[in-house]
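Worksheet: the structure to be examined is printed underneath.
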There are 2 protein chains.
Amino acid sequence: MELYHLRTFVAVAEEKHLTRAAERLFTSQPAISAHIKALEETLGVTLFDRTPKGMRLTPVGEELLPRARQALAAASAVMQHAKGLQDELIGSVRIGLNTDARFLRLTALQAGLAEHYPRLEVAMLTGSTGTNLPAVRVGKLDAAFVTGEIDDPSMSVCFLCDEPLVIGAPVSLRDQIISTDVADLARLPWVYTSPDCSHFAAMRALFDAHCCEPTRTLIANQEDALVEMIRAGVGLGIVRAGVFSNDDHAYELPVALPSVPLQFVYLRKRENDPLIRAVMHQLCAVWGIAPPADAAREAG
Amino acid sequence: MELYHLRTFVAVAEEKHLTRAAERLFTSQPAISAHIKALEETLGVTLFDRTPKGMRLTPVGEELLPRARQALAAASAVMQHAKGLQDELIGSVRIGLNTDARFLRLTALQAGLAEHYPRLEVAMLTGSTGTNLPAVRVGKLDAAFVTGEIDDPSMSVCFLCDEPLVIGAPVSLRDQIISTDVADLARLPWVYTSPDCSHFAAMRALFDAHCCEPTRTLIANQEDALVEMIRAGVGLGIVRAGVFSNDDHAYELPVALPSVPLQFVYLRKRENDPLIRAVMHQLCAVWGIAPPADAAREAG
DNA sequence: ACCACGCCATCACAATTTCCGAAGACGCGA
DNA sequence: TCGCGTCTTCGGAAATTGTGATGGCGTGGT
């Protein structure tokens, strides 16, 4: 028994004629006849009395008709519900962060996602470039903010902005900072970032260029931990410009540093995933950049 | 969308593998794959995430699954209900009577029908042979008791018993009944049956044989009316033997009359109608006669 | 690092089902 | 009695569905 049997059953019951039911269902009358016959055989009951005037429901058919309607309605409900879910994103998306929410414009992103996909649960998970990348690779994250050049063909990378770096210094060490010469600074205590952080590369470049090695004091792989260490006076460190504005405990040294790109990454194979598309769409709107074109052509 | 799509959907959702779902549904894995693909296309949503380990429901699929189950259950309810109605007779059957209920053994017939077909509504409609036959012909009755020979090829006739006839006379006329000679009796007042009643034929035969004509007094086409007329002293009449046993107002004259057959008739073209079959089966049980064999061979 | 395994998607072709148009059977009404 | 409208049946065509083989892909064991 299939749905078309029931559809035909109901149509014939309502039209009381095979011919009219056939017209209503845009098919031929023999087809309708066969449907009814097959249905009657599988059900083992007679649904209609055949009269010269048409088809009249038997008491059994009368009794089965509302159930058939119910089944059709239930099937229709599936389709209806699916239509409602058509372009709806439901479930959750996990986005890895690598720095503070304001700089990443998270409230705007969250607002855009919430507005367009009210049933999408958005999880913003703090981390760092170093932890975000593998998390995205293994699927623990759907996408993530990272800094620095990403050289991974399995990743799609979306450039957001250049992030200027500065050397941050605690106020408590101001007395010991007599010059902004890198070699001098290297002798002071430093808070290291972890090697998988892009700031680490910037730091290496800086000291290598001046042929010196900083004093290692502490390694922090979370940016806010790093910032707190600097503010607490543990040592100098490389941070994004602006984190110490109007800060009583730390300030920026006027040393030119290269900037690193802030980027948004996700698995390339998911670039056509509606979830990713939606997040990217909102993200690009927030950052004022063009969303990635329909990337089907480079999917192979 | 058809039911098999939903069946496959549910099976895959439960088995989490196309392969296993295919085994469960006794078909091949590509077929299952096609079902899911087609369903996803008609619904416009993605139901499963394809993983190397199998199929995992998406949140959308998760949401649609119970509705799909509901639709399948509704369809299954149709079949279930139909199975229950399989050999059940529902609706009503109209049986025409031509004499009193006890003689027709109606309580036994009613009991048998009620026991085997509790949902069958049985209507016993009083009438006479003359009114019952056309009523059966035009479908106002499904079957009827009649007396006398029936010569109608469109009718199936089932002989039940021979019905002995007697001349009934009112006690109030006893004084005027000096002999049982028919010619003498003919001079007394008579209550006629209508010409379409088999008793009428018996009456005609009786008087024709004795070359006399009875005095017509009143015509009654209902047997109980006839009986009442006789008891009220209106005149003599031909009735079934036994109706006046222990009756204070009328009695039977010892005049030999031919008997007429009591029969049960229905439209021959309905002889395979389950309703007719059921009634005949019960009727024959009550009357202790063999039910008509599967009459398919003489249906043409 | 490699290979074997299990998973699903796709393909071409076969089997089945469904569908159609025509013809037949039947009862009704003119 | 004939015409009309109904449903049923029939043969062949069309569409759908199912099958087995093949390939891509990721995983886990060696």
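Values below: all heavy atoms of this structure, side chains included; hydrogens, waters and symmetry mates excluded. Quick note on labels: first sequence line is chain A, next is B, and so on, each numbered from 1.
Both B:Ser33 and A:Glu2 sit near DNA chain C, but only B:Ser33 has its closest nucleotide nearer the 5' end.
Ranking C:dG29, D:dG20, D:dC7 by closeness to the B:Pro30 side chain, first place goes to D:dG20. Residue A:His17 has its side chain nearest to D:dC7 when only C:dC19, D:dC7, C:dC8 are considered. The B:Ser28 side chain lies nearest to D:dG18 when the options are D:dG18, D:dC7, C:dA9. The side chain of A:Ala31 lies closest to C:dC19 when the candidates are C:dC19, D:dG28, C:dA9. Taking only side-chain atoms of B:Pro52, from C-beta outward, the nucleotide of C:dG27, D:dG26, C:dC8 with the closest atom is D:dG26.
Dashed line: the shortest gap from a side-chain N or O of B:Tyr4 to OP1 or OP2 of D:dG18 is not under 4.0 Å. Look at B:Arg50 and you'll find a side-chain N or O under 4.0 angstrom from OP1 or OP2 of C:dA9. Contact annotation: A:Lys37 does not reach the phosphate of D:dC7 (side-chain N/O to OP1 or OP2, under 4.0 Å). Taking side-chain N and O atoms only, B:Thr51 has no distance below 4.0 Å to OP1 or OP2 of D:dG26.
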Item to check | Worked verdict on B:Met55 versus B:Arg50 for side-chain contact (heavy atoms from CB on, under 4.5 Å) | outcome: CA-CA 5 Å; B:Met55 308 283 279; B:Arg50 277 72 167 169; 3.8 Å; yes
Item to check | Evaluation steps, side-chain contact (heavy atoms from CB on, under 4.5 Å), between B:Leu160 and B:Phe145 | outcome: CA-CA 9 Å; B:Leu160 297 178; B:Phe145 293 93; 3.5 Å; yes
Next on the checklist: If you apply the rule salt bridge (charged side-chain N to carboxylate O under 4.0 Å, His left out), what do you find for B:Glu2 with A:Arg7, and how did you get there?
Outcome noted: CA-CA 11 Å; B:Glu2 292 299 331; A:Arg7 278 190 277 265; 2.5 Å; yes
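As rounded to whole Å, 13 Å separates atom P of C:dA9 from atom NE2 of B:His35. Atom CE of B:Met55 is separated from atom P of D:dG26 by 16 Å (rounded to the nearest Å). Going from atom CD of B:Glu41 over to atom P of D:dT17 covers 12 Å, rounded to whole Å. For A:Asp49 and D:dT6, the CG to P distance is 17 Å, given to the nearest whole Å. Between the CZ atom of A:Phe48 and the P atom of D:dT6 there is a distance of 15 Å, rounded to whole Å. Separating the NZ atom of A:Lys53 from the P atom of C:dC28 is a distance of 7 Å, rounded to the nearest angstrom. For the pair B:Arg20 CZ and C:dG6 P, the interatomic distance rounds to 12 Å; values are reported in whole Å. Atom-to-atom, CD of A:Gln29 to P of D:dG5 comes out at 14 Å; the value is rounded to the nearest Å.
At a threshold of 4.0 angstrom between heavy atoms, the contacts of A:Phe26 with the nucleic acid are absent. Contacts of B:His5 with the nucleic acid, taken as non-hydrogen atoms under 4.0 Å apart, are absent.
For B:Thr8 (side chain) and B:Tyr4 (main-chain N/O), a donor-acceptor pair under 3.5 Å exists by modelled atom type.
In plain terms, the two heavy atoms of B:Ala278 and B:Leu113 that are nearest each other are O-CD2, 4.2 Å.
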